[in-house]
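Excluded from the calculations below are hydrogen atoms, water molecules and symmetry mates; all remaining heavy atoms, backbone and side chain alike, are included.
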Protein chains: 4
Amino acid sequence: MTEPNAPDQPPPQTEAAPKFRRRKEARPDELLDAALALFTEKGFDRTRVEDIARRAGVSKGAVYLYFPSKDAMIEALVDRAVGGVAQSVAARLNDFNGDPRVLLRSLLPMVAAKLADPKVIAVPRLVVQEAGGHPRLAAIYRARVIDHVLPAARGMFARAVEAGHIRAIDPDLALRLVMGPLALHAIMDQVFDIHASGGTDFAAVFDGLLDILDAGLDPALPPVGGATPRKES
Amino acid sequence: MTEPNAPDQPPPQTEAAPKFRRRKEARPDELLDAALALFTEKGFDRTRVEDIARRAGVSKGAVYLYFPSKDAMIEALVDRAVGGVAQSVAARLNDFNGDPRVLLRSLLPMVAAKLADPKVIAVPRLVVQEAGGHPRLAAIYRARVIDHVLPAARGMFARAVEAGHIRAIDPDLALRLVMGPLALHAIMDQVFDIHASGGTDFAAVFDGLLDILDAGLDPALPPVGGATPRKES
Amino acid sequence: MTEPNAPDQPPPQTEAAPKFRRRKEARPDELLDAALALFTEKGFDRTRVEDIARRAGVSKGAVYLYFPSKDAMIEALVDRAVGGVAQSVAARLNDFNGDPRVLLRSLLPMVAAKLADPKVIAVPRLVVQEAGGHPRLAAIYRARVIDHVLPAARGMFARAVEAGHIRAIDPDLALRLVMGPLALHAIMDQVFDIHASGGTDFAAVFDGLLDILDAGLDPALPPVGGATPRKES
Amino acid sequence: MTEPNAPDQPPPQTEAAPKFRRRKEARPDELLDAALALFTEKGFDRTRVEDIARRAGVSKGAVYLYFPSKDAMIEALVDRAVGGVAQSVAARLNDFNGDPRVLLRSLLPMVAAKLADPKVIAVPRLVVQEAGGHPRLAAIYRARVIDHVLPAARGMFARAVEAGHIRAIDPDLALRLVMGPLALHAIMDQVFDIHASGGTDFAAVFDGLLDILDAGLDPALPPVGGATPRKES
DNA sequence: TATGAATGAGAGTTCATTCAT
DNA sequence: TATGAATGAACTCTCATTCAT
């Protein structure tokens, strides 16, 4: 092309000239990044707006050019983080009709990589931390993530039981079985600074978990807990 | 007569009249109960000392007769809660040399009952919630609970593998597998108000989990994750 | 007698021992006095809560023990000032059936004395000053004062015209004729620091005004403005 | 080009097309108009510079191209409004040697029309409202208006008494008598939204007032208030 | 000229903590 | 012991003013 100079590219330099041009569009994201880091580190209430501003390299007042309040920031944070992930995961779960263990193994590398990204786990952690004081956070997260993924996962497990791919198990229990170890792994790592033998490696946990489930979910085995799946409330 | 019974003086009974004659010695505990309830409900920072006082039925100033600061309260809270439980559990783990699945099944009712008590789960939840802003909380909990139970559990699993009661598995992974589902169950219940088919019943989750582990940990199976247990950091 | 020491009377001194005893009940009034002085002097918005507190001899925070907000103070101020005055004036107007000029002359000393008290005129002045930014102020004043006095005055004038005590005049006009000179007198005095020959003496203005009205309202004269009294909106 | 008529370019007319081609010279006035409207409506302190700018159709920064500060705007506002009016009124008063009641009747239509213009009464109202916080406002208004009109009015009344056109009356009192009802009429209308039978019609008030004065100032009557005119301070 | 992003001092309000009673 | 009025530091949010573009 003869016209590569997009109007936003001053000189075709390498990439980040962070102070050459005050990029209005980038500010909100930079502020949210700063806020996320600080909220996770010290908690929402103990983080001053001025801290966020300073970390993002702007003045206190500038924050309010982009967000109407501190509360709005934490909501925007969660909102931003839950973008398309939930939908795509839910879609894959809905489309799948085989053995969950196979699906989980194929999902493993992606999920492990996602969870290893500090900016990704930080958000659910934040939600858990602050949900007490900010009921809306839990509501947002639930509406945008959980309410999409949970039914999809439940359905997927139910179909797998039905089709005889795995032994009979309450889908709600199955979900807790699969995600629980990962959650606890994250909590020990982030909250208590206790790292397993394999370090902060979600893949190892996930991998070991699947090894257990390979045998533990064998369709030849009798129903788990003797329970018949019921409706979740 | 000349000595009318002041309305606050009960008939001089034995003791178990928690409403009358509960003074001095009971105060700190009543304050901690009130604090725990409020901290869990609204978070530490959003709970005012006056709220705690009012809920405990005393004046704001009285709180400072028993605790030097608000921070001291949350620490005392955690301290109190982790009393002898950890030690006794750790002791049982250390003494045990058989199949973990058997131990877990025998522990099940006790553990489930404990976790169902709101005042019990409230504390770990609080620690997770507030650890960001109060690093000492995590430290206390770790020193008083985790550092006792974790090595004991790890050793118990290691011995079980060694003795061939279960297939080879990294004890750290085993721990996450066993406790993770319970942790997630609690989080979904408390934070997101999502309750499984079986309600807020830890026993059902625990029971189902053990069904899975019965098969999944069969000693005839090859090592989990192909991993050799290493030291935890 | 032998027991003169009432618990509130430290030594039987003259009267005001303002710092010996922190009189909780007096605080709100002291704060309102301070607020009234400052609001009148510098305007509501340019008065800092801390200024009020300092003037009342307390700390900034103490203000909020007595008033939930700065806005609440100005409203309380107006509320307090309009106590029973309006009612009593309205009652006298309603009860009167004679010549308004007689009534006005008898009212003169009382009204003049009232208006000469700085704490009295300060309030209507404040209302006029701040009504723009605080519509509720105007509403309070109107509800508590104007809406009582105005209809009473209107009725009184109407009856006087009817009975032939004064020439026909629109009561609304009569009201403006009587009160207007006093209002302007106050404005010139307070706002522009311009004092008439007689100083800030409302009595002189009132007196002169009545001299004019004695002749100007003579019932033998034709209707004022040729207008028939109509309803006020 | 065949398409010269940009929608903003009117046919090159003479001048009186205030919507098109209003640039440079008109800006300050437009800004003051916007400021006057907003100051009157919400008060000086509660009006943001940005509000003024938006109402005038320019950016916030542009305001500072024309006025050095927000304070300067309110002063300019008052300055602008008191242009030649005061001088011309003062001149007429100074030149007049007859019966004030005649003069006032001849002035009536003009004065009533002036006061009915919202942009005219808005300024004295603003001065009264904001004088507390902006002593310079009162000073400007006094220097530019009151100090011209007041002595002229006083002289005119003094001459009229001297010449026997009206009964003896303190000119300062006379002034309050004449202007007071109009002032109160405006206050009730603007501040309390209370309108007399005749609506917001200054002419009716003025007219009725003069009817009263016709009789009340009859030169045959004895001196008003028994007072001898003295110097105003 | 004109824009509007950015600044930063300052205001209202809250609340842990103290202390006279 | 117990109270609760009082303090004052700290925090969120606003807005007049500046300045790079």
Problem set entry | Residue pair C:Thr47, C:Glu41: steps toward the side-chain contact (heavy atoms from CB on, under 4.5 Å) verdict | CA-CA 9 Å; C:Thr47 299; C:Glu41 194 177 306; over 6 Å; no
Figure out the [atom1]/[atom2] separation between [X] and [N], and round it to whole Å.
{"X": "B:Tyr66", "N": "F:dT1", "atom1": "OH", "atom2": "C1'", "answer": "7 Å"}
{"X": "C:Arg27", "N": "F:dA5", "atom1": "CZ", "atom2": "C1'", "answer": "8 Å"}
{"X": "D:Tyr64", "N": "E:dG4", "atom1": "OH", "atom2": "P", "answer": "16 Å"}
{"X": "A:Leu31", "N": "E:dA6", "atom1": "CG", "atom2": "P", "answer": "9 Å"}
{"X": "C:His134", "N": "E:dG12", "atom1": "NE2", "atom2": "P", "answer": "11 Å"}
{"X": "C:Leu65", "N": "E:dC19", "atom1": "CG", "atom2": "P", "answer": "17 Å"}

Seminar exercise, completed: dist C:Arg125:CZ -> C:Leu36:CG (nearest 0.5 Å) comes out at 10.0 Å
Problem set entry | Nucleic acid contacts of residues 67-75 of chain B, taken as heavy-atom distances under 4.0 Å to DNA chain E | B:Ser69, B:Lys70
For this session: Tell me which residues in residues 38-55 of chain A put a heavy atom below 4.0 Å from DNA chain E, sorted by number, or none.
Result: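 When residues 38-55 of chain A is checked for heavy atoms under 4.0 Å from DNA chain E, there are no hits whatsoever.
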Problem set entry | Heavy-atom closest pair, residues D:Ile140 and D:Val78 |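 For D:Ile140 versus D:Val78, the nearest heavy atoms are CG2-CG1, 3.9 Å.
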For this session: Return yes if some donor-acceptor pair links the side-chain N/O of D:Asp29 with the main-chain N/O of D:Ala26 below 3.5 Å, else return no.
Result: no
Problem set entry | Which residue lies more 5' along DNA chain F, comparing B:Lys60 with A:Gly61 via nearest heavy atoms |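 Mapping each residue to its closest nucleotide by heavy atoms, the 5'-most match is B:Lys60.
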For this session: Would you please test A:Tyr64 and A:Val49 for side-chain contact (heavy atoms from CB on, under 4.5 Å) and show each step?
Result: CA-CA 10 Å; A:Tyr64 290 89; A:Val49 170; 3.6 Å; yes
Do any side-chain atoms of residues 54-63 of chain B form donor-acceptor pairs under 3.5 angstrom with protein atoms, and if so which ones, sequence neighbours left out?
from    : atom 1 : to      : atom 2 : distance (Å)
B:Ser59 : OG     : B:Ala62 : N      : 3.4

Exercise. Out of F:dA2, E:dG4, F:dG8, which nucleotide sits closest to the side chain of D:Ser59?
Worked result: E:dG4
Problem set entry | Test applied, side-chain contact (heavy atoms from CB on, under 4.5 Å); reference residue, D:Leu77; option that passes from D:Thr40, D:Asp33, D:Leu126 |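 With D:Leu77 as partner, side-chain contact (heavy atoms from CB on, under 4.5 Å) holds for just one option, D:Leu126.
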Problem set entry | Comparing C:Ala62 and D:Ala62 on DNA chain E - which has the more 5′ nearest nucleotide |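 Going by which nucleotide is closer to the 5' end, it is D:Ala62.
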Contacts under 3.5 angstrom, residues 127-136 of chain B side chains, donor-acceptor by atom type, not counting sequence neighbours:
from     : atom 1 : to      : atom 2 : distance (Å)
B:Glu130 : OE2    : B:Phe44 : N      : 3.0
B:His134 : NE2    : A:Arg46 : NH1    : 3.3
B:Arg136 : NE     : B:Glu75 : OE2    : 3.3
B:Arg136 : NH2    : B:Glu75 : OE1    : 3.1

Exercise. Which residues pass the side-chain contact (heavy atoms from CB on, under 4.5 Å) test with A:Ala139, sequence neighbours left out?
Worked result: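 Expected list: none.
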Problem set entry | By side-chain contact (heavy atoms from CB on, under 4.5 Å) - contacts of D:Phe67 (at least two apart) |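 Scan of D:Phe67 (side-chain contact (heavy atoms from CB on, under 4.5 Å), adjacent residues dropped) gives D:Pro28, D:Leu31, D:Leu32, D:Met73, D:Ala76.
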Exercise. What residues form a side-chain hydrogen bond (donor to acceptor under 3.5 Å, both in side chains) with A:Asp71, not counting sequence neighbours?
Worked result: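 Not a single residue meets the side-chain hydrogen bond (donor to acceptor under 3.5 Å, both in side chains) criterion with A:Asp71.
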For this session: Extract the stems that DNA chain E is part of, considering only consecutive pairing runs of at least three Watson-Crick or G-U wobble pairs, both distances under 3.5 Å.
Result: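 Paired runs of 3+ in DNA chain E: E:2-21 with F:2-21.
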